[in-house]
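Single-structure report; data block below.
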Number of protein chains: 2
Amino acid sequence: MFPYIYIMSTGSHIHTLSEENYLKVIYHLGKDAKVKISPTAIAEALNNNPASVVDMLKKLVDKKLILYEKTKGVKLTDKGKKSALLIIRKHRLWEVFLLEKLEYSWDEVHEIAEQLEHIHNPQLADRLDKFLGFPQYDPHGDPIPSASGEMADIYKTILSEVTEGRTCQVVGVKDTSSSFLQYLKKLDIGIGTKITLIEKIPFDNSVIVSVKNGPNTTVSKLFADSLLVHE
Amino acid sequence: MFPYIYIMSTGSHIHTLSEENYLKVIYHLGKDAKVKISPTAIAEALNNNPASVVDMLKKLVDKKLILYEKTKGVKLTDKGKKSALLIIRKHRLWEVFLLEKLEYSWDEVHEIAEQLEHIHNPQLADRLDKFLGFPQYDPHGDPIPSASGEMADIYKTILSEVTEGRTCQVVGVKDTSSSFLQYLKKLDIGIGTKITLIEKIPFDNSVIVSVKNGPNTTVSKLFADSLLVHE
DNA sequence: GAATATTTTTAGTCTTGCCTAATTTTGTGG
DNA sequence: CCACAAAATTAGGCAAGACTAAAAATATTC
Ligand SMILES: [Mn+2]
Ligand SMILES: [Mn+2]
Ligand SMILES: [Mn+2]
Ligand SMILES: [Mn+2]
């Protein structure tokens, strides 16, 4: 009556919730730098035990999702990387959904997306993507991988670093306090909003901007330091 | 880094995925009739084994979600019923979302909602409800429980049973074939669409209707038998 | 290069949720 | 009430995914 039936589309395999979380963590650790991805590092990220990690690494090797050579550390196979990117894609798309459609705030969306990223359906990510208007960045300014698994580099900086005269696009926030978020709402600034940096005032480092090509507004240095943008 | 942290709101407890599926099945079995809800019946609904069911029933009794007296069968406590209704509420709201916003068809939504119903967040159901415009019925014509756990009775009938001159509202479909669904789309009929039954033609039982108070259209008996409505 | 510190791996358990097989309880027809 | 069938329960196990403690392998340091 209520069995879970998954129809596998070509090449797409279903992994357990736990496996998916490992793949995602391994992907993120690999992005950071060329640091060796060790059981200890993974355990730290997953908030569990190195011994548990070793157990799971064996399973992931068997399933050809990772390569693991002792002393060389862990590396995702193409298959593993593809799976990881789909999970990240779903995570970030759901975050946009929660923020834009369900009016959650920037700091609430992550925890719920942590659950939603594990919903399986062949068309789900693409339909959600379309419904949201193909957003490029999630509410924290991180790029959303494309359907084919490509992910834009992160060029985000803070508003105060933008060159005078240039227009940038809001990709996220550094501060998630409700006072900041409310101020953003008041200024009609959200993800994707275009802001032109008119002038920087040397006296107190405040910044004159134009939101959506509207009238000039002055914002504080604190404000300009808290807004993540993409030139 | 990626732990699941749930903030429990007053009185709301988090159950495991398995527990939730048991609660939902027990609720549905209890609705049907005053048949005794036995381990065997539950096992059949969950497509598992009576011995497994007995194990779980003990846990549910411990957690005060059900009452279980041998020979009398299983009954949800108020706490258990409340949890079951929230799961059903989420299930049906997500089905509406998938149909209306992500353009899934009537027969695809159930399987995905089976997963989505288990996403936990104190405000999620209510925000989704608001976003969807407080729908009263899911795509299969079943009523959506309110935030407080009340659920309308099902008064749905087929369009062909509606009295001449009366207006009804579409609550679901009996046929989920794509040919039927495409025809519905062509006629601009969806969930909640108001249809007035103008006249029944005795010759071939076809029916003249007005969709959204628009011009009269004639539909076949087969069509009128396949559309679930609520007078 | 030996001694020590750190990391990784193994070994042995635990819990959850399921299973099969065996046993007990309950229900029914005569 | 007795015999038999059906349903419920118990007993014993298994796989996944976690844990602790101990052993083995690597890295560091003097
Ligand atoms: Mn996130
Ligand atoms: Mn996750
Ligand atoms: Mn359903
Ligand atoms: Mn379910």
Side-chain angles (χ1 to χ4, degrees), chain A residues 1-6 13-26 29 34-75 80 83 87 114-115 118 120, chain B residues 1-6 13-26 29 34-63 65-75 80 83 87 114-115 117-118 120:
Chain A
M1 191 179 179
F2 303 100
Y4 287 50
I5 297 166
Y6 298 124
H13 290 271
I14 303 291
H15 310 113
T16 66
L17 188 141
S18 203
E19 283 169 357
E20 292 194 345
N21 283 332
Y22 273 87
L23 291 175
K24 197 174 64 153
V25 159
I26 293 167
L29 288 174
K34 47 187 60 192
V35 185
K36 197 184 80 174
I37 304 175
S38 62
T40 312
I42 295 170
E44 208 161 298
L46 281 168
N47 206 20
N48 71 1
N49 192 296
S52 314
V53 173
V54 171
D55 281 351
M56 181 60 89
L57 291 184
K58 286 174 191 161
K59 290 175 200 164
L60 296 176
V61 167
D62 286 350
K63 296 193 173 188
K64 307 213 191 302
L65 293 165
I66 61 168
L67 300 171
Y68 183 33
E69 295 174 65
K70 32 211 90 191
T71 83
K72 278 197 161 186
V74 177
K75 199 174 171 303
S83 294
I87 299 160
E114 204 57 36
Q115 301 171 61
H118 303 290
H120 293 291
Chain B
M1 191 179 180
F2 302 100
Y4 287 49
I5 295 166
Y6 298 124
H13 291 268
I14 302 292
H15 311 113
T16 66
L17 188 141
S18 203
E19 283 168 357
E20 292 194 345
N21 283 332
Y22 274 87
L23 291 175
K24 196 173 64 152
V25 159
I26 293 167
L29 288 174
K34 45 187 62 191
V35 185
K36 197 184 78 174
I37 303 175
S38 61
T40 313
I42 296 170
E44 207 161 301
L46 282 167
N47 207 20
N48 71 0
N49 193 295
S52 314
V53 173
V54 172
D55 281 351
M56 181 61 88
L57 291 183
K58 286 175 191 160
K59 290 176 202 164
L60 296 176
V61 168
D62 286 350
K63 296 193 173 186
L65 293 165
I66 62 168
L67 300 171
Y68 184 33
E69 294 174 66
K70 33 210 87 189
T71 83
K72 279 197 159 186
V74 177
K75 198 174 172 302
S83 294
I87 299 160
E114 204 58 37
Q115 301 171 62
E117 72 191 1
H118 303 290
H120 293 291

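Below, each value reflects all heavy atoms present in this structure, side chains not excepted, and no hydrogens, waters or symmetry copies. Protein chains get the first letters and strands the later ones, always in sequence-line order, with residue 1 at the start of each. Just so we're clear, the structure is a prediction, and the values are computed from it rather than from any experiment.
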If you compare all heavy atoms of [X] against all heavy atoms of [Y], which two are closest, and at what distance to 0.1 Å?
X: A/Y22; Y: A/V53; answer: OH-CA, 3.7 Å
X: B/L23; Y: B/S83; answer: CD1-CB, 3.8 Å
X: B/Y68; Y: B/P39; answer: OH-CG, 3.3 Å

Under 4.0 Å from OP1 or OP2 of [N]: is there any side-chain N or O of [X] that close?
X: A/T71; N: D/dA25; value: no
X: B/Y22; N: C/dC18; value: yes
X: A/S52; N: D/dC19; value: yes
X: A/N49; N: D/dT20; value: yes
X: A/K59; N: D/dA16; value: no
X: B/T16; N: C/dG17; value: yes

Rounded distance in Å - [atom1] ([X]) to [atom2] ([N]):
X: A/N47; N: D/dG17; atom1: CG; atom2: P; value: 18 Å
X: A/N21; N: D/dA16; atom1: CG; atom2: P; value: 17 Å
X: A/K72; N: D/dT26; atom1: NZ; atom2: C1'; value: 16 Å
X: B/L57; N: C/dC18; atom1: CG; atom2: P; value: 11 Å
X: B/K58; N: D/dA8; atom1: NZ; atom2: C1'; value: 10 Å
X: B/D55; N: D/dG12; atom1: CG; atom2: P; value: 14 Å
X: A/L60; N: D/dA16; atom1: CG; atom2: P; value: 13 Å
X: B/E19; N: C/dT15; atom1: CD; atom2: P; value: 16 Å

So how far off straight is the helix from C/dG1-D/dC30 to C/dG30-D/dC1, going by the axes through five pairs at either end, to 10°? 0°

Kindly say whether A/H120 contributes a backbone atom to a donor-acceptor pair with the side chain of B/Q115 at under 3.5 angstrom?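 Yes; at least one donor-acceptor contact below 3.5 Å.
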
Has the side chain of A/E20 got a donor or acceptor atom that lies under 3.5 Å from a matching backbone atom of A/H118?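 Side chain of A/E20 to backbone of A/H118, a donor-acceptor pair under 3.5 Å: no, none is there.
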
Measuring from B/I66:CD1 to B/L57:CG, what's the distance to the nearest 0.5 Å? 4.5 Å

If I take atom CD1 from residue A/I42 and atom CG from residue A/N48, how far apart are they, to the nearest 0.5 angstrom? 9.5 Å

Do the charged groups of B/E69 and B/K75 touch, with an N to O distance under 4.0 Å? no

Sidechain N-carboxylate O distance under 4.0 Å for A/K24, A/E114: yes

Provide a list of protein-nucleic acid N or O atom pairs under 3.5 angstrom, restricted to nucleotides 4-8 of chain C.
{"residue": "C/dT8", "atom": "OP2", "partner": "A/T40", "partner atom": "N", "Å": "3.2"}
{"residue": "C/dT8", "atom": "OP2", "partner": "A/T40", "partner atom": "OG1", "Å": "2.1"}

